[in-house]
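Some notes on the structure that comes next.
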Amino acid sequence: MLQNIGGFISASRLPNQVIIAFTQFITGWILLELPLENLLDYRFIALVLSTQMIAAAGYIINDYYDQKIDMINRPSRVIIGVKLTRRLALVSHLILNFTGIFIGFWIDPLIGLIHVFSSFLLWAYSNQLRRLPLIGNLTISTLSGLTFLIVSIFFRQQSTVVTIYSLFAFTITLIREIIKDIEDVKGESAFGCQTIPVVWGIPGAKIAIYLVSLGGVGLLGIFLYSVQNLGLIFYFMFLGPFFLWFVYMIYKADTRNHFSMLHKACNLIILSGLFSIFILF
C-alpha cells in the first residue's frame with residue numbers, strides 16, 4: 001500500500017502540481033491585478049485544485065500507455081507496473097478526471113466544459129496523438145498555455161499580458177516536447193511512434209526547434225514593446241547569454257545526454273518566465 005501511495009505521488013508529478021497552483025495564483029494576483037481576497041475565495045481554490053486533478057490524471061495515463069517505451073528510454077524511472085499497479089493507475093486516472101470535471105461544473109459550467117476538453121485531449125494524446133508528428137506536441141503545448149488562460153476565463157477578464165504569457169508557455173513547451181522526442185527517439189521508433197525526429201530525423205527536428213524559437217523571440221519582442229517595462233527589458237537582456245547558449249547547444253547536441261540537458265534547460269526557461277511576472281508587480 002505504501003509503495004502504491006508513493007507511486008501515485010510520483011506518477012502525478014507533485015512538483016508540477018505546485019507549479020500549476022503557483023502559476024494560476026500569480027496570474028490572478030499580478031497579471032489580472034485582482035485583490036487577494038478574490039484568490040482566497042473557495043471557488044478560485046476549487047479551480048486550482050480541479051486543474052491539478054486533470055493534469056495529474058493526464059500524467060498518470062501517459063505513464064500507463066508509455067510503460068513499454070519508458071522501459072527502453074528510462075528503465076530506472078518507470079512507475080506504472082513497478083511502484084504503482086496498472087489497475088490502480090487506471091482507477092486513479094478515472095477518479096481524478098471525474099472529480100476534477102465535477103468540481104469544474106460546480107464552480108462554473110464553462111470551466112467544466114474546459115476540463116472535459118482538457119481531460120479528453122490528455123487521454124487522446126497518451127493513447128494516440130503523441131505517436132503522430134507535431135500533433136501530439138501541439139496538444140500538450142496548447143494545454144500548457146491554457147493554464148494561464150483558464151484564470152482569465154474564470155474571472156471573465158480579458159488581458160493581453162495573460163494571452164502573451166499563455167503563448168510564451170505554448171512556445172517553450174513546444175520546444176521542450178520536440179527535444180523530449182529527440183531524447184526518447186530510440187524507444188519511440190521501436191514502437192512505431194511517428195514523432196518529429198523519427199519522421200524528419202534529428203536534423204529536421206532541430207530545424208523545427210529553431211523555427212519555433214524564432215516565433216518565441218518575436219512574441220518576446222511584442223511583449224516587451226507592449227508593457228514598456230525597463231525592468232523586464234534588462235531582465236531578458238541579462239538572460240540573453242543563456243538563451244544564446246541554449247540555441248548553440250541545440251546545434252551541437254548529438255547524444256541523449258545533450259538533449260536531456262536541453263530538456264532541463266527548457267524547464268529553467270519556463271521558471272525564468274514565471275519569475276519575470278514578479279517584475280511586472
Side-chain angles (χ1 to χ4, degrees), residues 6-7 9-16 18-19 58-60 62-84 125-126 130-134 136-141 144 168-217 238-275:
I9 293 173
S10 298
S12 59
R13 308 297 197 278
L14 184 59
N16 291 8
V18 173
I19 291 174
Y59 285 123
I60 291 171
N62 187 61
D63 281 354
Y64 177 87
Y65 280 114
D66 277 1
Q67 182 192 29
K68 293 180 180 179
I69 295 175
D70 289 340
M71 288 297 293
I72 295 176
N73 290 327
R74 43 179 68 86
S76 62
R77 292 163 56 185
V78 173
I79 299 172
I80 308 301
V82 178
K83 297 180 181 179
L84 180 66
Y125 167 83
S126 302
R130 73 174 306 279
R131 291 162 173 78
L132 303 176
L134 193 58
N137 307 116
L138 291 174
T139 299
I140 293 300
S141 302
S144 180
F168 169 81
F170 172 89
T171 301
I172 190 60
T173 301
L174 182 55
I175 293 171
R176 185 186 64 184
E177 289 299 304
I178 297 173
I179 290 174
K180 183 175 178 292
D181 284 344
I182 299 174
E183 185 183 356
D184 295 342
V185 67
K186 181 179 178 181
E188 292 181 343
S189 61
F191 285 91
C193 297
Q194 298 297 301
T195 57
I196 290 176
V198 173
V199 175
W200 298 349
I202 292 178
K206 288 185 177 182
I207 291 173
I209 293 172
Y210 282 130
L211 291 175
V212 176
S213 298
L214 282 175
V217 171
F238 176 76
L239 292 177
F242 173 72
F243 294 142
L244 291 174
W245 168 85
F246 180 77
V247 171
Y248 174 73
M249 283 305 301
I250 291 173
Y251 170 74
K252 293 288 292 182
D254 59 3
T255 68
R256 192 171 191 275
N257 287 336
H258 288 161
F259 290 108
S260 178
M261 177 182 62
L262 288 169
H263 186 178
K264 294 174 183 176
C266 281
N267 292 332
L268 291 177
I269 293 174
I270 291 172
L271 290 176
S272 72
L274 291 176
F275 181 77

Discussion item. For D63, is there an ion pair with R13 - N to carboxylate O distance below 4.0 angstrom?
Written reply: yes
Discussion item. Testing the basics here: between S12 and I60, what is the closest heavy-atom pair and its distance to 0.1 Å?
Written reply: N-CG1, 4.2 Å
Discussion item. Under a 3.5 Å distance rule, please check whether K206 uses its side chain to pair with a backbone N or O of A253 as donor and acceptor.
Written reply: yes
Item to complete: Identify whether the distance between the nearest side-chain nitrogen and carboxylate oxygen of R74 and E183 falls below 4.0 Å.
Response: yes
Worksheet entry | For I269 against F168, the heavy-atom pair lying closest together | O-CZ, 3.9 Å
Discussion item. Nearest 0.5 angstrom please: L132 CG to T195 OG1, how far?
Written reply: 10.0 Å
Worksheet entry | Heavy-atom side-chain proximity of D254 to F259 below 4.5 angstrom | no
Item to complete: Mind checking the CD1-NZ spacing from I72 to K186? Nearest 0.5 Å is all I need.
Response: 7.5 Å
Practice prompt. Specify the closest pair of heavy atoms between T171 and G216, including all atoms of both residues, with the distance to one decimal.
Written response: CG2-CA, 3.7 Å
Worksheet item: To the nearest 0.5 Å, what is the distance between OG (S141) and CD1 (I172)?
Response: 9.5 Å
Discussion item. Looking at every heavy atom in both L84 and A11, which two are closest together, and how far apart are they?
Written reply: CD2-CB, 4.3 Å
Item to complete: In plain terms, say whether D66 and R131 are close enough for a salt bridge, that is, a side-chain N and a carboxylate O under 4.0 Å apart.
Response: yes
Worksheet item: Under 6.0 Å from the CE atom of M261, do we count more than 12 heavy atoms belonging to anything else shown?
Response: yes
Worksheet item: Rounded to the nearest 0.5 Å, what separation is found between the CD1 atom of I80 and the CG atom of N62?
Response: 10.0 Å
Discussion item. Could you go through I182 and I209, starting from their C-alpha distance and side-chain angles, then the distance that decides it, and tell me whether this counts as side-chain contact (heavy atoms from CB on, under 4.5 Å)?
Written reply: CA-CA 11 Å; I182 299 174; I209 293 172; 4.1 Å; yes
Discussion item. Using side-chain hydrogen bond (donor to acceptor under 3.5 Å, both in side chains), reason through Y59 and N16 one step at a time and then give a plain yes or no.
Written reply: CA-CA 10 Å; Y59 285 123; N16 291 8; 2.9 Å; yes
Response to the item:
Of all heavy-atom pairs linking A265 and F246, the shortest is CB-CD1, 3.9 Å
Discussion item. If I compare all heavy atoms of C266 with all of I179, which pair ends up nearest, and what's the gap?
Written reply: SG-CD1, 3.8 Å
Discussion item. Counting neighbours of OH on Y210 that are heavy atoms of other residues, nucleotides or ligands and sit closer than 6.0 Å, is the number greater than 12?
Written reply: yes
Worksheet item: W200 versus I207: any side-chain heavy-atom pair under 4.5 Å?
Response: no
Practice prompt. Would you tell me whether S144 and T173 have side-chain atoms, one donor and one acceptor, within less than 3.5 Å of each other?
Written response: yes
Practice prompt. Give a yes or no answer on whether the side chain of Q194 reaches the backbone of P133 with a donor-acceptor pair at less than 3.5 Å.
Written response: no
Practice prompt. Supply the atom-to-atom distance D184 CG to R256 CZ, rounded to the nearest 0.5 angstrom.
Written response: 5.5 Å
Worksheet item: Salt bridge between E177 and R130, side-chain N to carboxylate O under 4.0 Å?
Response: no
Worksheet entry | Point-to-point distance, once rounded to the nearest 0.5 Å, from CG of L271 to CG of N267 | 7.0 Å
Worksheet item: Side chains of I19 and L274: closer than 4.5 Å at any heavy-atom pair?
Response: yes
Worksheet item: With a 3.5 Å cut-off and no angle check, do the side chains of T255 and H258 form a donor-acceptor pair?
Response: yes
Discussion item. Which label fits F242 and W245: parallel for a plane angle under 30°, tilted from 30 to 60°, or perpendicular past 60°?
Written reply: parallel
